[in-house]
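Okay, so here's the structure we're looking at.
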Amino acid sequence: MISANAVTKRYPQGIEALKEISFEIEDGEMVFITGHSGAGKSTLFRLLAAVERPTSGSIAVNGQNIAALRRGAIPYLRRKLGLIFQDQKLLFDRSVLDNVLLPLSIVGLPAREAIRRARAALDKVGLLDRERAQPIALSGGEQQRLAIARAVVNRPSLLLADEPTANLDSESASQILDIFRSFHQVGVTLVVATHDAQWMARFSPRVLRLERGRLLGDPA
Amino acid sequence: MSGSGMSGFFPQHYAAQKSAVRRLLSSPLNTLLSLVVIGAALALPAAGWVMLDKLQGFAGQVSGVQQISVFMATDAGKEEAAEIESRLRQANPGQWRFVAREEALKSLEETEGMADVAAGLAKNPLPDAFVVEAGDRGPETLEKLAETFKSWPAVAHVQLDSAWSRRLDAFLRIGALAVSLLAALFAGALVAVTFNTIRLQILAQAAEIEVSRLIGATDAFIRRPFQYFGALQGALGGLFALSLVAGIGLALAAPARELLALYGVAFTPGGPTLPQAAAIVGVGAALGWLGAQISVSIYLRRVG
Ligand SMILES: Nc1ncnc2c1ncn2[C@@H]1O[C@H](COP(=O)(O)OP(=O)(O)O)[C@@H](O)[C@H]1O
Ligand SMILES: [Mg+2]
């Protein structure tokens with residue numbers, strides 16, 4: 001599902017955010033990327049989502065090499081991913097339901113079918129009764145769940161999340177964890193960047209540990 | 001549309017059209033101002049074009065007729081006229097027709113608005129005249145003929161009617177050039193106005209565009225609502241321009257017809273034809289679409 005080979009990302013100012021990273025992630029795996037702030041987690045997330053390209057090395061997602069992807073092919077790659085951004089990127093000028101409808105309007109699903117699917121996604125994250133609400137009226141945990149609903153509404157087989165429980169109280173974080181577990185149980189591949197110890201305690205997952213852009217002992 | 005297939009194509013267009021209409025209606029004052037600017041920008045070259053087109057059709061009708069009017073001196077009598085007639089018969093320049101001074105006065109009296117003038121005259125000021133239909137002879141031959149007529153006795157004035165037809169032709173060519181330049185200038189202005197409107201809309205929707213692209217929107221998807229908006233705004237501006245042009249045409253029609261009738265010219269200005277109307281609206285839509293296209297493309301290139 002994901003295959004990284006000697007991936008290096010250097011930013012224009014000369015900062016090497018990732019240094020010669022190599023790893024494989026199989027279908028259906030749940031993998032955590034951990035490390036201190038500045039270790040390179042978000043950088044790796046952006047490479048996997050084809051938001052940025054590696055400076056060198058190759059990184060393949062769904063069999064497509066991000067480093068060599070045509071610009072026009074990127075949208076179609078992204079549609080197969082569920083992306084949960086660190087800053088969520090919700091749209092505050094429209095309702096909860098309309099936020100979840102956005103990915104479906106992008107793929108051009110007819111309205112009736114789109115609404116049915118969006119409601120199903122909201123139901124999965126426990127926000128069905130808030131579909132008319134404005135995102136600004138939601139709590140932090142609810143906003144994060146809305147971001148998850150939007151990420152999964154297209155039924156992706158790979159879900160990428162950047163610090164999905166940062167800034168959440170432990171109860172909200174626990175709800176998020178349960179939601180991720182339910183996706184994992186139906187076979188979705190999960191890659192979660194986090195430095196939240198609660199995750200480790202609950203799942204004892206496979207961990208990729210980053211330290212100043214280098215990958216430390218990956219047991220897999 | 002390789003990724004989503006044809007099934008995804010029409011709902012997206014419908015959604016983009018709806019969003020374009022919604023945006024037009026959401027800020028009526030801005031929309032109105034844009035339409036006035038676009039309408040005015042289109043109206044000027046459109047009016048020029050419609051008018052020129054009518055004049056060209058008219059010029060085409062008259063250009064084949066080469067008339068030479070030979071006016072006698074007002075104190076010339078029947079003998080002098082007979083003399084000219086016999087000379088004409090000898091020179092044989094084509095068909096000719098004698099217009100007696102009484103006949104000329106009568107037709108003046110029958111001309112609307114001129115009856116009073118004619119009635120107020122103590123004596124007939126009009127001369128006898130010959131109208132020579134010289135056929136299609138080429139300008140030099142005609143001018144030589146006119147020179148010959150002028151040298152004949154009791155001829156006061158010779159008018160070569162092909163001269164004004166040629167003048168009209170030259171005028172039309174300059175007019176066409178002026179309208180083309182004007183059209184290019186205002187087309188540029190229309191594209192620029194749309195470009196700026198769309199630029200502001202893009203800035204207002206930067207968040208939506210960013211998120212949409214992050215979750216798989218193609219450039220075409222991002223562009224589509226703006227293109228529809230630009231085209232719709234341009235088409236509405238075109239309709240506004242059309243009403244201005246039709247209004248101008250209508251207002252000018254009656255006085256222009258009277259004025260031209262005085263010269264014995266049957267010419268009706270009037271408004272644009274149906275194909276012209278369609279072209280004006282279509283050009284407005286196309287230019288609006290182009291302005292939007294450029295605006296979004298520049299933005300997308302900048303954000304990468
Ligand atoms: N766009 C950027 N331009 C320059 N430096 C960056 C950029 N993004 C991240 N960095 C740097 O790369 C390193 C890794 O950052 P990041 O991937 O955000 O770490 P993490 O998400 O683990 O906290 C940091 O030193 C950060 O300052
Ligand atoms: Mg980060």
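Proteins get letters first, then strands, A, B, ... in listed order; numbering begins at 1 in each.
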Name the region of A/F92, side chain, backbone, both or neither, that has any atom closer than 4.5 Å to a heavy atom of chain B.
neither
For the residue pair B/R223 and B/S297, establish whether any side-chain heavy-atom pair is separated by less than 4.5 Å.
yes
Going by atom types only, do A/S58 and A/N5 share a side-chain donor-acceptor pair under 3.5 Å?
no
If you check every heavy atom in residues 181-193 of chain A against those of chain B, which residues fall under 4.5 Å?
none
Any side-chain heavy atom of A/Q144 sitting closer than 4.5 Å to one from A/S172?
no
Any side-chain heavy-atom pair from A/Q88 and A/Q143 closer than 4.5 angstrom?
yes
When the 4.5 angstrom heavy-atom criterion is applied to B/I222 and chain A, the contacting part is neither
If you count heavy-atom pairs under 4.5 Å with chain A, which of B/I215, B/L214, B/V211 comes out on top?
B/L214
Tell me yes or no: between the side chains of B/Q233 and B/T31, is some donor less than 3.5 Å from an acceptor?
no
Sub-3.5 Å donor-acceptor pair from the side chain of A/K41 to the main-chain atoms of A/T34, do we have one?
no
Is it true that the side chains of A/Y11 and A/E52 contain a donor and an acceptor less than 3.5 Å apart?
yes
